[in-house]
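Here, residue 1 is the first one in the sequence, and each next residue gets the next number.
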Amino acid sequence: MQHSNPLVENYIRELLLIYFARQRMILSIAAIIFLASVAVAFFATPRYAAQGTLLLRSADTQRTPDILDETELRIFKVTEEDLRSEIELIRSPGVIQGAIEKLVSHNFPNADLLDWLKIQSKLETEVVPDSRIINVELQRDNAEEATAILNAIMDVYIFRRSEISYPEGSKDFFVTQLERFD
């Protein structure tokens, strides 16, 4: 004796009846959605992304055999605040405007038309979890433009970062020390 569940059979039967009764409408809606997605894929403006990566201060100290054992090594820990500060520095108006000025000075096409607010809105930064790495991405309609702008931003960021880490006063100090030892 076979027991079958009449409720399951009725649901499947009702679904098949609805499908065959409304087959034209279901297939036409599916075709419209498919054609709309194909149209969007072919006619939408392409977006390109230039990507870069920053590694903040190496955690490992390196010694050469020439270094004496008495030399004091300083190890700097990178905190979450440091990472957030670096992200804010990368996205700062000064860095982005400096990048635009650099592109203008290198005669990059249409560099004088660039708006730092639009660049900042398309500049994405994220910290890789459990690391000291910051990923930077810039999206633009033109791949070459995205790459050039991101390279300029990274160059200006590194220059500004070196100014913060090694101010001009320390440069003068090392120059005078070098002269003294000569």
Would you say the side-chain atoms of D82 and T79 include a donor-acceptor pair closer than 3.5 Å?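 Indeed, the side chains of D82 and T79 share at least one donor-acceptor pair under 3.5 Å.
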Under 3.5 Å side-chain donor-acceptor pair for T53 and N135: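 Yes - a donor-acceptor pair under 3.5 Å links their side chains.
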Within a strict 4.5 Å, meaning less than it, do heavy atoms of the [X] and [Y] side chains meet?
{"X": "K102", "Y": "F108", "result": "no"}
{"X": "V136", "Y": "Y157", "result": "no"}
{"X": "I119", "Y": "I100", "result": "yes"}
{"X": "L103", "Y": "I149", "result": "yes"}

Other residues, nucleotides, ligands: >12 heavy atoms within 6.0 Å of R22 CZ: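 It does not: R22 CZ has 12 such atoms or fewer within range.
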In Å, rounded to the nearest 0.5 Å, how long is the span from [atom1] of [X] to [atom2] of [Y]?
{"X": "R132", "Y": "L55", "atom1": "CZ", "atom2": "CG", "answer": "5.5 Å"}
{"X": "L17", "Y": "N10", "atom1": "CG", "atom2": "CG", "answer": "10.5 Å"}
{"X": "R140", "Y": "T147", "atom1": "CZ", "atom2": "OG1", "answer": "11.5 Å"}
{"X": "E145", "Y": "N110", "atom1": "CD", "atom2": "CG", "answer": "7.0 Å"}
{"X": "E88", "Y": "T125", "atom1": "CD", "atom2": "OG1", "answer": "7.5 Å"}
{"X": "E124", "Y": "Q51", "atom1": "CD", "atom2": "CD", "answer": "11.5 Å"}

When hydrophobic residues are tied together by side-chain contacts of less than 4.5 Å, even through go-betweens, does [X] share a cluster with [Y]?
{"X": "L114", "Y": "L117", "value": "yes"}
{"X": "I158", "Y": "I134", "value": "yes"}
{"X": "F20", "Y": "I26", "value": "yes"}
{"X": "F42", "Y": "I32", "value": "no"}

Set out, in order, the CA-CA distance, both residues' side-chain angles and the distance that settles side chain to side chain contact (heavy atoms under 4.5 Å, CB included) for I133 and V127, then state yes or no. CA-CA 6 Å; I133 296 174; V127 176; over 6 Å; no
S92 and side-chain contact (heavy atoms from CB on, under 4.5 Å): which single residue from V95, I96, I90 fits? V95
Verdict with supporting geometry, E137 and E126, side chain to side chain contact (heavy atoms under 4.5 Å, CB included): CA-CA 9 Å; E137 181 178 289; E126 72 170 345; over 6 Å; no
Working for side chain to side chain contact (heavy atoms under 4.5 Å, CB included), residues K122 and R47: CA-CA 11 Å; K122 299 295 181 185; R47 300 294 291 175; 3.6 Å; yes
I'd like to know if the side chain of R91 and the backbone of L123 have a donor-acceptor N/O pair within less than 3.5 Å. yes
Tell me if a side-chain donor or acceptor on N151 pairs with a main-chain N or O of A148 at a distance below 3.5 Å. no
Just do the side chain to side chain contact (heavy atoms under 4.5 Å, CB included) check on L89 and R161 with the steps written out, would you? CA-CA 8 Å; L89 183 60; R161 191 73 196 106; 3.9 Å; yes
Just jot down the side-chain contact (heavy atoms from CB on, under 4.5 Å) partners of A143, sequence neighbours excluded, or say none.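 Partners of A143 under the side-chain contact (heavy atoms from CB on, under 4.5 Å) test: Y48.
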